[in-house]
A.B. asks: 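Sharing a structure here in C-alpha cells format.
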2 protein chains.
Amino acid sequence: MSNTKVLPLVEPHSDAVAPCCPPLTERRFTADEAETAARMFKALGDPVRLRLFSAVASHEGGEACVCDISDVGVSQPTVSHHLKKLKEAGLLTSERRGTWVYYRVEPSALAAMGTLLTIAPAEA
Amino acid sequence: MSNTKVLPLVEPHSDAVAPCCPPLTERRFTADEAETAARMFKALGDPVRLRLFSAVASHEGGEACVCDISDVGVSQPTVSHHLKKLKEAGLLTSERRGTWVYYRVEPSALAAMGTLLTIAPAEA
C-alpha cells in the first residue's frame with residue numbers, strides 16, 4: 001500500500017448554479033427547470049436570509065465573514081443555518097481563512113435569477 | 001346621521017407591489033424591505049407555482065384563464081390555491097370575464113424583483 005493519496009478534484013458548487021433557465025415570460029417551464037429555479041427563489045424567500053444575503057452582497061470587497069453580518073437579531077446558530085441554506089442553493093460560496101469563514105455571492109446564480117425575471121420581448 | 005357614505009378609495013393591489021427595494025448588492029436591507037421582498041421570492045419558491053407563473057407569463061396576449069394552464073399535473077383545487085398565493089404576493093392580477101377568471105402578470109412586481117437582482121456597480 002502506498003502512503004500517498006490522490007485527492008479527488010471535486011467541484012464544490014451545487015448544481016443549482018448550472019445555467020437555468022429562460023426568462024419566465026418566454027415559454028412554459030419544464031418540471032426540471034421549475035425545480036432548479038424554485039430552489040433559488042425559495043432560498044431568498046425568507047426575510048432573515050435576504051438580510052444576510054444583502055449584508056454579504058453589499059459588504060466591502062464583496063465578501064463578509066460571519067463576524068461582519070451576524071447583527072440581524074437572530075442567534076448565531078440560526079445565522080449559520082441560514083448561511084448554509086444559501087450555500088446549498090448555490091447563492092453563496094464560502095472559504096475558511098484562519099479563524100473565520102468568509103462568504104461571497106456566487107455571481108452566476110445572481111445572473112441566472114436576473115435572467116429568469118427578464119421580460120421577454122413580445123412576439124411579432 | 002347622514003344616509004350617505006363616502007367610500008374610501010382603496011388601492012386593490014397588495015402592498016407587495018409597492019416599490020421595493022434597492023438591488024440586494026447595493027446596501028444592507030432593512031427588516032421591512034426584507035419582509036416585502038421575501039414575500040415575492042417565497043411565492044416563486046415552489047416548482048408548481050413557478051410553472052403556473054411561466055404558463056401565464058408566456059401565454060399569448062400576456063394572459064391566461066385557468067382552462068389554459070391547469071395541465072401541470074396537480075388537481076384543480078391545488079392550481080387554484082397556487083394562483084391565489086401568486087395573487088396575494090402581488091405577482092398576478094385576475095379578472096372574471098363570463099365563466100372564466102383570467103390571470104395576468106403584474107409587470108411592476110416582475111420589474112421590482114428584477115431590480116433586486118441587479119448587480120450594483122462597485123464603489124469607486
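Bear in mind that the values here come from a model prediction, so they are computed numbers and not experimental data.
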A.B. asks: Go through the atoms of T30(B) and report whether side chain, backbone, both or neither lie under 4.5 Å from a heavy atom of chain A.
C.D. replies: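 Just its backbone gets close to chain A.
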A.B. asks: Do L44(A) and L116(B) pass the side-chain contact (heavy atoms from CB on, under 4.5 Å) test, and can you show the C-alpha distance, the side-chain angles, and the key distance before you say yes or no?
C.D. replies: CA-CA 11 Å; L44(A) 295 182; L116(B) 285 171; over 6 Å; no
A.B. asks: In the structure I gave you, are the side-chain heavy atoms of E35(B) and P47(A) within less than 4.5 Å of one another anywhere?
C.D. replies: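 Sidechains of P47(A) and E35(B): in contact.
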A.B. asks: Once you round to the nearest 0.5 Å, how far does CZ of R39(B) lie from CG of D46(A)?
C.D. replies: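 Here the rounded value is 13.5 Å.
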A.B. asks: Check the surroundings of atom CD in E60(B): do more than 12 heavy atoms from other residues, nucleotides or ligands lie under 6.0 Å from it?
C.D. replies: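 Count not over threshold, so no.
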A.B. asks: Can you tell me how far apart CG (L50(B)) and CE (M40(A)) are? Round to the nearest 0.5 Å.
C.D. replies: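 The CE atom of M40(A) is 9.5 Å from CG of L50(B), to the nearest 0.5 Å.
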A.B. asks: Checking A31(A) against chain B: side chain, backbone, both or neither under 4.5 Å from a heavy atom?
C.D. replies: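 Both parts, backbone and side chain.
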A.B. asks: Report the option among A57(B), A34(B), S54(B) that has the most heavy-atom pairs separated by less than 4.5 Å from atoms of chain A.
C.D. replies: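 Top option by heavy-atom pairs under 4.5 Å: S54(B).
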A.B. asks: So what's closer than 4.5 Å to chain B heavy atoms on I69(A): side chain, backbone, both or neither?
C.D. replies: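 Both the backbone and the side chain of I69(A) come within 4.5 Å of chain B.
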A.B. asks: For the CG atom of L110(A) and the OG1 atom of T118(B), what is their distance to the nearest 0.5 Å?
C.D. replies: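 Those atoms lie 8.5 Å apart.
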A.B. asks: Taking every non-hydrogen pair under 4.5 Å, which of A55(B), A38(B), G62(B), A43(B) racks up the most with chain A?
C.D. replies: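 Maximum pair count with chain A is reached by A38(B).
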A.B. asks: State which residue, out of D71(A), V56(A), L52(A), fulfils the side chain to side chain contact (heavy atoms under 4.5 Å, CB included) condition with R28(B).
C.D. replies: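 Between R28(B) and the candidates, side chain to side chain contact (heavy atoms under 4.5 Å, CB included) is satisfied uniquely by D71(A).
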A.B. asks: Would L24(A) and V105(B) count as a side-chain contact (heavy atoms from CB on, under 4.5 Å) here? Give the steps.
C.D. replies: CA-CA 11 Å; L24(A) 280 161; V105(B) 169; over 6 Å; no
A.B. asks: What distance do F41(B) atom CZ and M113(A) atom CE have between them, rounded to the nearest 0.5 Å?
C.D. replies: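 The distance works out to 5.0 Å.
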A.B. asks: Taking atom NZ of K42(B) and atom CZ of R49(A), what is their separation to the nearest 0.5 Å?
C.D. replies: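 Answer rounded to 0.5 Å: 9.5 Å.
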A.B. asks: With clusters defined by side-chain heavy atoms of hydrophobic residues (ILVMFWY) lying less than 4.5 Å apart, directly or transitively, does W100(A) cluster with L83(A)?
C.D. replies: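 The answer is no; the residues belong to distinct hydrophobic clusters.
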